[in-house]
> 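Once you've had a glance at the structure underneath, I'll fire off some questions.
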Amino acid sequence: MNDRYGAKTFITEIIVLIAALLFCLPLYFVVSISLKPGDEIFESALVFTDNPQWENFPVVWNAGVANAFVSSVVITVGSVVLLVILGALCSYVLARRPGRLSNGLYIMFVLGVIIPFQLSIVSIYTVFQSVGLAGNCLGMIILWVGVMMPMAILLYTGFVRQLPRDYEEAARIDGAGTLRIFARVVFPLLRPVTGSVAIITGLFIWNDFYASLIFVGGSEAQTLPVAIYSFVGQYLSQWNLVFAAILVAILPLIIFFILAQKQMIRGFAGGMKG
Amino acid sequence: MAQIALNNVSKVYKGGTTAVDNLNLEIEDGAFIVLVGPSGCGKTTVLRMVAGLEDITSGTIRIGDRVVNNIDPGDRDIAMVFQNYALYPHMTVFDNIAFPLQCKKVPKAEIRERVNRAATLLGLSEYLPRKPRTLSGGQRQRVAMGRALVREARAFLMDEPLSNLDAKLRVQMRSEISALQKNLGVTTIYVTHDQVEAMTMGTKIAVMRLGVLQQYGTPQEVYSTPANIFVASFIGSPSMNFMKAHVLRDGDRHRLAIGDRSLDIPEEAIRKRPGLTAYVNSDIVFGIRPEHLEIGAPTDRSSLEARVTQVEMLGAEQLVHVAADFKPITVDEVLGAVESNQAVSEQRESGRTGGRADLVVCADSDLAVSPSDTVKLSARPGCMHFFAPDGGKSIID
């Protein structure tokens, strides 16, 4: 019985621990530098400061990060909510109504995952500008719902196809209509994959710099990555403030991941417990 | 409560597979009928067509006075219990049972009252706030029953509801479902592949094979006067023994020549099955159930001789496997169906041992027999079955 925890397990644990520490190192740098006074940054980059500057955070918060934070939250939450509702509804139909039309549409969505959206960014921007969707949150939400929908459909459709039909058939016999079956029976069963869709699309949207710079850069609706970028130019010599802004930007993601990690793993595993 | 009638109902899937072929079935109001047959015989398809979950290729289905062919499942006023119960895993037991009533927009107070009444009836009251995954198999089965009976539907459809339970619980639930159905008097169609369930629960049994109804009658009728060799082999456990036999006439008496031995056919049997006289000097298939074979022949003239190969003691009785020196015959051979269902093939597999037929005798547990003994077998008069060698139809008229 003593063999269960031997030298081999101990060495494996040490290796895994070192790997985990390596992955945490960038986060350590962000936290460490964000709290340093300006003159300490280049003197001892790896050492945690004895004199943490908590006021760095209110400084960056009031210097435009607050606005960008609100825009990022509105755009990310708005997009993810729409992606979840529309993606789940659409996938339910694609998975449960087999036929040429469904298969064709599904292939189109899969192609959407493969083809980079950057290819069509110029034409999208032209259309958005002409209809007043450039430079505001609504435009970004519409853009992201379109761009990320193929990923949502791919994940949802695969999951719905695995769901036993008995639940829906039981609900049909119980007298529920299609919409009620979806809302009361199917959608709650999609919870694990909904977690995956929310995390994957949410992370992508929250972190995106490229599309945000083009569509909302310099506007009232600019998002955190764009705001931090503009910050770099303004405070070129004050890396502690830049890192404080970065920490503000990644903190919600870390909290979200901690709260939703179980769902995420279950969603990726593709299983479902009754 | 309602009468259910299926008239010339067929189901042909895309690709041409016929799942149900021209089925006619009249189910009286309040009856408990059991659809039984081996896997793939079309029994679940019939149930799903009645439920409205499967379209009908041709024919009509009536529930009460209404033809329901084109009516949605939810509007047919039927309740169904699924094989895996199909309890909504994210809802509590209360919500699972209440769901059909919520769909009908029944007032909340009434829902609570009806759910509580059903829960009390099924002994589920203390489990109402719990999720299905925290319940045992038997409790889940009861919740599924609760969801069906809270609706006060006109008919219950049950698709192998006991197949996921262990043997002991199955026996218990079997009698609970029967008692519940008797109390409520709701017309019920119950699907199973287990012939013991069929015999013990149904007021009538419909035996199906390859999408075709083989026989529809009371359990006793199906057991004692099977319509054909398939029904004879499927109903009864252990399965009926079959032998190739030649009908002989000796003055007024009729005899069956089986191998180099013979058995008297009692006059009573000839009276019951006058059609047998047409087979004099012809081959037939003789069938006898293990419980109707007796060890220790009454006369030397009318008995079969066989050697004991194996004895299985069951406590109250024993199954004596014997080998006799005459040509074996299988149900598949008689039906001429190579594609005949697997279950029956497996059941009869033991009967195919070269030029030797293996029979099973159900004997009293106190009878002293052991392997290698030679025994004489006689058939209980009045319990003999005769089938046409071509197609296996029961010889009656």
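Residue numbers begin at 1 in each chain, while the letters A, B, ... track the order of the sequences.
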> Charged N to carboxylate O under 4.0 angstrom, B:R114 versus B:E110?
yes
> Using non-hydrogen atoms only, which part of B:L101 is less than 4.5 Å away from chain A: side chain, backbone, both, or neither?
neither
> Salt bridge or not between B:R117 and B:E152? Use side-chain N to carboxylate O under 4.0 Å.
yes
> Is chain B contacted by the side chain of A:R165, its backbone, both, or neither, given a heavy-atom distance below 4.5 Å?
neither
> By a 4.5 Å heavy-atom criterion (distance strictly below it), what part of B:R48 contacts chain A: side chain, backbone, both, or neither?
side chain
> For chain A, which of B:D72, B:N84, B:D75 has the most heavy-atom pairs under 4.5 Å?
B:N84
> Determine whether more than 12 heavy atoms belonging to other residues, nucleotides or ligands lie under 6.0 Å from atom CG of B:N183.
yes
> For residues 119-129 of chain B, dump all side-chain donor-acceptor pairs below 3.5 Å to protein atoms at least two apart in sequence or in another chain.
residue	atom	partner	partner atom	Å
B:T120	OG1	B:N116	O	2.6
B:Y127	OH	B:Q139	NE2	3.0

> Considering only heavy atoms, which portion of A:R172 lies under 4.5 Å from any heavy atom of chain B: side chain, backbone, both, or neither?
both
> Counting only non-hydrogen atoms closer than 4.5 Å, does B:Q83 touch chain A with its backbone (N, CA, C, O), its side chain (CB onward), both, or neither?
neither
> When you measure from the centre of the six-membered ring of B:F94, is the NZ or CZ of B:R130 under 6.0 Å away and within 45° of the axis?
no
